[in-house]
Amino acid sequence: SSATGYKGVQQSPSGRFQAGHRVDGRRVCYGTFDTAVEAAVAYARAVGEYQPPAPPPIVAAEGEVAAEAEGLRLHLSSSSATGYKAVSIWRGVYGSRFRAKHNVDGRQVCYGTFD
């Protein structure tokens with residue numbers, strides 16, 4: 001741990017932040033950054049500890065805006081629990097997700113499962 005509160009991050013006399021660590025007694029520098037957080041992310045990426053934050057879930061209104069921006073038309077369905085044609089709730093081992101599937105030439109094509 002360092003005075004910055006982040007492993008592998010030091011503040012230089014200029015006020016900027018350096019990311020790095022020692023390998024076989026030699027200092028390896030990953031760069032100099034304006035903020036301690038930027039340096040900490042660079043350090044974590046370099047040593048394989050970085051896990052980007054999950055994107056925030058898209059609410060229905062945002063999904064409709066995104067679909068419209070891509071030139072897509074969402075098909076509403078009053079008979080589906082999700083409210084959309086070809087989209088169902090899939091309950092898998094990791095909890096409930098949405099599954100998009102469609103029949104093409106008599107064969108079911110699954111487009112994926114989504115949060």
Once you round to the nearest 0.5 Å, how far does CG of Asp24 lie from CZ of Arg22? 11.5 Å
What are the two closest non-hydrogen atoms of Gly20 and Tyr30, and how far apart are they? CA-CD1, 3.5 Å
To the nearest 0.5 Å, what is the distance between OH (Tyr43) and NE2 (His21)? 5.5 Å
Near Arg27 CZ, under 6.0 Å, is it more than 12 heavy atoms from other residues, nucleotides or ligands? yes
Take Phe17 and Thr32, measure what side chain to side chain contact (heavy atoms under 4.5 Å, CB included) needs, and give me the verdict at the end. CA-CA 5 Å; Phe17 297 87; Thr32 303; over 6 Å; no
So which atom in Ala19 and which in Ala39 form the shortest heavy-atom distance, rounded to 0.1 Å? CB-O, 3.2 Å
Measure from the side-chain N and O atoms of Thr4 to the backbone N and O of Val9, and report whether any donor-acceptor pair falls under 3.5 Å. yes
The side chain to side chain contact (heavy atoms under 4.5 Å, CB included) partners of Thr35 (sequence neighbours excluded) come to Val37, Glu38
Report yes or no: does Ser12 contribute a side-chain atom to a donor-acceptor pair with the main-chain N or O of Gln18 at less than 3.5 Å? no
